[in-house]
Each structure stands twice: as C-alpha cells, then as structure tokens.
Amino acid sequence: MKRIKKEHLTGVKNVLYAVKIIISCAPGLIFCRILAQTSYWFFTGFVKEILFLKLLLDLITDGGTFREYVFLILMFVFAEFIATGSGTLSDYYIGKKRKIFYKNLNARIFSKAVSTDISCFEDPVFYDRYKRATEIVTEEHFDEFAYYLSSFFAGGLTGIFLILYVISIDPGLLFVLLLTVPVLVIEVIKGKTQVKKDREMTSNKRSKAYVKRILYLREYAKDMRTSDIFGVLHERYKSAVKNNREIIRKYGVKIALYETLSGFIGKALPTSAAYLYAAWRFIVRKDMAVSDFSVIMTAMSNLKDVFNDLGEAFSNVRKESEYFGFLRDFLEYESKITFGEKEAEEFQSLEFRDVYFTYPGADKPSLSGLSLKIEKGQVVAAVGKNGAGKTTFVKLLLRFYDPDSGVILYNGRDIREYTAASLRKRLSAVFQDYKIYALSVAENVLCREKSNGEEDDRLIKDALEKAGIGEKIFSLPEKTDTVLTREFDEKGTGLSGGEQQKICTARMFAKNADLAILDEPSSALDPVAEYKMYENLMQGTKGKTVIFISHRLSSAVLADNVFVFENGRICESGTHIGLMEKNGIYSEMFRLQASNYKEEESEAV
C-alpha cells in the first residue's frame, strides 16, 4: 500500500515538475496549448454537435421562422470563426514558443552535462539517466506531454458541460456515466506498464545508438575496413534489438489486454446502456421529445469519446511525465566534486601529501600514499610503467576526482578551497586522448570564438609556431580560418595524428597558464618531431611550471626533476643524471629504451 502511495506521489511530483520546467523554459506555452485544444474540443464536442443540434431540432419541431433559422446559422458561423481563429492564433504562438522551449531546455542539459563530474561519464547508471533526460528533446516526449496535458484539461471542461447538459435532460443517465470510471484506472495501469517497458529498453537503446554512432565517425573507419570488428559490433546491435523485442513481447500482451478492456468499458458498454435507456423512454414511456432523444444519443456518443480520451490523456500525462522525472534526476544531480570560494593566485607550489585514491568499482587503489612537491618554474617529468598512477595524478590535480584520503595543496592551501574557474584558469592541460573539433583552426586553438582581431591573430600564430604546426597551417588557402575535418565544410582539411596533437599543444601555448600539464603530449609524434616539440616547449614556457608525462624517457633529460611512479607512489625522484648514477628503476628503464632505439637505428641502416 505504501509503495502504491509513493508511486502516486512521485507521479504527481513528476507532472508538477514537467509543468514547472515548461513554464520556466517557455512561459505561456502550456496556456496556449490548452486554449487551442479547448477551442477545438468545446466547439466540436458541445457547441456544434449538442447545443446547436438541440436549438436546431427545437426550432424545427416548434415551427420556427426562416428568420430565426438564419439567425441561428449566423450564430453558429460566428462561433466557428471564434473557435477557428483562437485555435489558429494559438497554433502560431505555440510554434514560436516550442522553439524557445527546446532552445532553453537544451541549454540547461548541455550546461549540466559540461559541469557534471568526470566520474559520471564512467558510470552506466548515470549514462542511462543522461540518455533518458535527452529523450525529452530527441524523442518528442515534451510534445506528447504537452498535447495530452492540454487534451486532459480541454476534455475535462467539455465533459463537465456535456454531463451537466445530459443530467439536465435526465438525471438517470448519471448512472450510465459511472460505467466509464474504470477506464481511468485501466489507463493508469497501462501507462505504468509502458513506462516499465521503456525503462527496461533504455540500455539496449543506448547500445544500438553507440553502434550507429561510431559507424559514421572518421576515427573508426580504418579499423572497420581492415578488421572483423564490424561483425562484433553488428552482433552487439542485433543482440540489443533481440533483447528489446523480448521486452516488447513481455509487456505487449498486457498492454494489448488493457487497451481492449479500456475500449470496451469506455466505448461499447456505456454507449449501449445509454441507447437502451433513451430508447426505453422514447418508445416505451413516450416521455422524451425527439430533440432530447437525438441530443442524448449524440451527447452520450461524445461523452464516450471524451471519457475514453480523458483516460488515455491521463495515462499518457503520467507516462510522459516519467521522462521529466528522469530529467529532474539529471538536472538536480549534485556534484560530488565541490569547490570553494577562494580565488586561485599565481602559481607558486603544488604538493601531494600522502594521497590515496581508488576508482569507483576498482579492486585496488591507483594512488597509494602519493607524496611529491613541485615549485614554481620547475620542469617536471612523471615517468613509470602503465598503470603506475601517472595519469591519475593529473586527474586529481585537475579536480576531476577528489582523493580518498590525504591532501593536495596549491600554494600551501587545500586545492578544494579554490573556485573552479580561478583554479582552471591557472592550469592548462594537453591529454593523450586529444580531441579535434569540426571548427576552424583558430577556434580549436583558442577554445573560443576569435573576437579580438589582430591581438587574437598574433596569439594564434605564436601558439601554432611554438607547437611546430605554424608552417603547415599558414600554407593552407584559408589559413587559421580553415575548418578541421570535412564533416561540415567541403573546404575543410584533414590532419595527421601528429598534426592534430600539435594543434592541441598549441591550445596550451595560447592559454598561457601558470602551470602546463601534458599527459603523453607526443604519443602521435616520431622521435625527431618529439624532440623538436620539447625544444619548443622549453622555449615557450620559460618562467612557467611544466609537468609532463611521457613513456619516452629521452624527454626526461630536459626536466629539472623526474618523479618515477610505481604502484601509485613515488619510488624515485631527482634529476636525470642523479637517477642514472643511482642505478635504480629509472636507470634500468632508460637503458632499456636506449638499446631499443639503437636496434631500430641499426635495422634502418
């Protein structure tokens, strides 16, 4: 019983939230929807087919004049004009407001997605929540909700007038109308069943969407054509389709049964009862006028449709409001990563003090008592085997995650005390899994629209040259206005992996932050290009603090300090020369890589 009450309360909250979010995104939209629907329902279901019919039949039965007949027709035409005009104006206004709603709601979803914790994007539960939230704008659940909500109000108003009119003719017909009450209950149960079905299908829909999406992405095209991975993906797609079919089959019989019962109870049963009752009064008792008999037959038929549509509208309002509930869960998600109110000053020092961290769902920690300190102006290399904790160190520094224990200090203060904007303004990062956007070179470098004319031009040129990609970009016809990728512009250009990585490195130079962080910044470059990039990096960041992660230890030679990661902590630290003299883990790794380079050179010769 408590569970049922809780479900009803949740349903009401979802409906109220849906109305609230629609009003906040597009004021007046719901009112216009209701006005448009009411104009149609009330005029068609009551004025035209009941009131006008009754007046017309009474006029004919009582022997009214032609002048009275003409006057009645003119009144009908006037009512039709008012109903049609209000409906047309409402539809026009709805069209404008609908675009505003989608624009504003998309803005809220985008803003929330960008500000949500990075950990959420590695959580399937959150991804399902995000997918359901976006379905409000991608699968027209808003249109369905708004339509059925306005239909419920319009149908309810029309139904009230019809009931009052029918009862005024014969109160006994009220008992016939009570036969339709079970329709509302059945429609509610049907709506809940449909929501359960849709909820179970969400993860399969996401799998299908993933397969369809990557088939169109350029970075997957080569693998698709040179391996059998498409077969694996196709099987995954077919499995998702099969699972959804089983879910539809699981709920399909129930939904069909509810629809059959709803149709019978809402249409056949009350209509037949009303016809029999009216016929009995008209034929047997002979105490009902022809006009009343005709009007009752029409009114009961209309009421049958109204009650049936009301039940369907009520059910669908509840069903569609569930998706607004998913939207609320997403928009009201509270970030676990909280920031303070202090503005981050110019970088002076960074310290990790006995930091422990384990990824959600992982069996062992990625950082196990990590302690290190970096001073202003230092060039620091973080090296070690895969899984040693280097990238996790960067993620915690950028506040993508918070440590389980220990503390991270920026200028001697807990990093959690600073605002997100001021802290990230001081930091600039280039990641191994770099991303290029289908925007101009200038926008890719600035990560914003170019707005300052010559000042931005100088900034972009300087950043591109420091990243070693300037000559290539300025040889293109459109230069920095060239769109990267040809997805949206046939004049766009495609860059190699190394060139793309240089564009991403140029972002760091353009930002001119106090602390530059590079996570495998040269993974797509050959050794010569890598050496040149690090040369430019050292020159372009003089006076700045640089942290770079690299598997190629030759770059560590340029660092003021080298931190060797192992099992989530620092096992060695010092200069390249000092670590080589120590003859420990770093020395062994460096000599092993050096011998590999020599072998490659001899093979090339």
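Just so it is clear, the model here is predicted, and its values are computed rather than measured. Positions are given from 1, in the same order as the sequence printed here.
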To the nearest 0.5 Å, what is the distance between [atom1] ([X]) and [atom2] ([Y])?
X: Glu443; Y: Asp456; atom1: CD; atom2: CG; value: 11.0 Å
X: Ile517; Y: Leu427; atom1: CD1; atom2: CG; value: 5.0 Å
X: Asp514; Y: Glu345; atom1: CG; atom2: CD; value: 10.5 Å
X: Ser428; Y: Phe509; atom1: OG; atom2: CZ; value: 9.5 Å
X: Lys502; Y: Thr505; atom1: NZ; atom2: OG1; value: 9.0 Å
X: Lys511; Y: Leu446; atom1: NZ; atom2: CG; value: 12.5 Å

[Y] and [X], any side-chain heavy atoms less than 4.5 Å apart:
X: Lys395; Y: Tyr359; result: yes
X: Glu417; Y: Tyr410; result: no
X: Val394; Y: Phe400; result: no
X: Ile547; Y: Phe393; result: yes
X: Phe474; Y: Thr480; result: yes
X: Phe352; Y: Ile374; result: no
X: Phe565; Y: Ile570; result: yes
X: Phe563; Y: Val380; result: yes

Holding to salt bridge (Lys or Arg N to Asp or Glu O under 4.0 Å), I want the full list of residues that pass it with [X], two or more places apart in sequence or in another chain.
X: Lys250; result: Glu200
X: Lys472; result: none
X: Arg249; result: none
X: Lys582; result: none

Between the side chain of [X] and the main-chain N/O of [Y], is any donor-acceptor distance below 3.5 Å?
X: Asn444; Y: Leu439; result: yes
X: Ser422; Y: Ala344; result: yes
X: Glu572; Y: Ile585; result: yes

Looking only at heavy atoms, which two atoms of [X] and [Y] are closest? And how far apart?
X: Lys364; Y: Thr358; value: O-CG2, 3.6 Å
X: Val355; Y: Pro403; value: CG1-CB, 3.6 Å
X: Leu459; Y: Arg448; value: CD2-NH2, 4.3 Å
X: Gln348; Y: Asn411; value: N-OD1, 2.6 Å
X: Cys25; Y: Asn104; value: O-ND2, 2.7 Å
X: Ile21; Y: Arg108; value: CD1-NH1, 3.0 Å

Could you list the donor-acceptor pairs under 3.5 angstrom formed between side-chain atoms of residues 365-373 and any protein atom two or more places apart in sequence or on another chain?
from	atom 1	to	atom 2	distance (Å)
Ser371	OG	Asp354	N	2.8

Inset, instruction - Decide if atom CZ of Arg328 counts as having more than 12 heavy atoms of other residues, nucleotides or ligands within a radius under 6.0 Å. - result: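 Atom CZ in Arg328 is packed in, count exceeds 12.
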
Inset, instruction - Take Glu478 and Val441, measure what side-chain contact (heavy atoms from CB on, under 4.5 Å) needs, and give me the verdict at the end. - result: CA-CA 10 Å; Glu478 302 294 324; Val441 172; over 6 Å; no

Quick one: list whatever passes side-chain hydrogen bond (donor to acceptor under 3.5 Å, both in side chains) with [X], sequence neighbours left out.
X: Tyr418; value: none
X: Asn583; value: Ser587, Arg591
X: Asp414; value: Arg416
X: Lys376; value: Glu346

Inset, instruction - Begin from the C-alpha positions of Arg399 and Arg424 and carry the test side-chain contact (heavy atoms from CB on, under 4.5 Å) through to its verdict. - result: CA-CA 9 Å; Arg399 296 294 319 278; Arg424 288 172 178 164; 3.9 Å; yes

Legend entry - For Tyr102, all residues meeting ring pair (Phe, Tyr, Trp, His ring centres under 6.0 Å), sequence neighbours excluded: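 Partners of Tyr102 under the ring pair (Phe, Tyr, Trp, His ring centres under 6.0 Å) test: Phe142.
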
Legend entry - side-chain contact (heavy atoms from CB on, under 4.5 Å) evaluation trace for Arg426 with Leu515: CA-CA 6 Å; Arg426 299 291 178 182; Leu515 174 60; over 6 Å; no

Inset, instruction - Mind jotting down which residue pairs meet the side chain to side chain donor-acceptor pair (under 3.5 Å) criterion with at least one end in residues 557-569? Sequence neighbours excluded, please. - result: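 Passing the test, one end in residues 557-569: no pairs.
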
Legend entry - Phe357 and Tyr401 aromatic ring geometry - parallel, tilted or perpendicular at 30°/60° bounds: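 Correct class here is tilted.
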
Inset, instruction - Considering only NZ, NE, NH1 and NH2 on the basic side and carboxylate oxygens on the acidic side, decide whether Lys461 and Asp457 come within less than 4.0 Å. - result: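 Salt bridge flag = no for Asp457 with Lys461.
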
Show the atom names and distances, to 0.1 Å, of all donor-acceptor pairs under 3.5 Å that link a side chain in residues 230-239 to residues at least two apart or in another chain.
from	atom 1	to	atom 2	distance (Å)
Glu235	OE2	Lys238	NZ	3.0

Inset, instruction - Kindly determine whether Phe590 and Val383 satisfy side-chain contact (heavy atoms from CB on, under 4.5 Å), including the steps that lead there. - result: CA-CA 10 Å; Phe590 189 88; Val383 302; over 6 Å; no

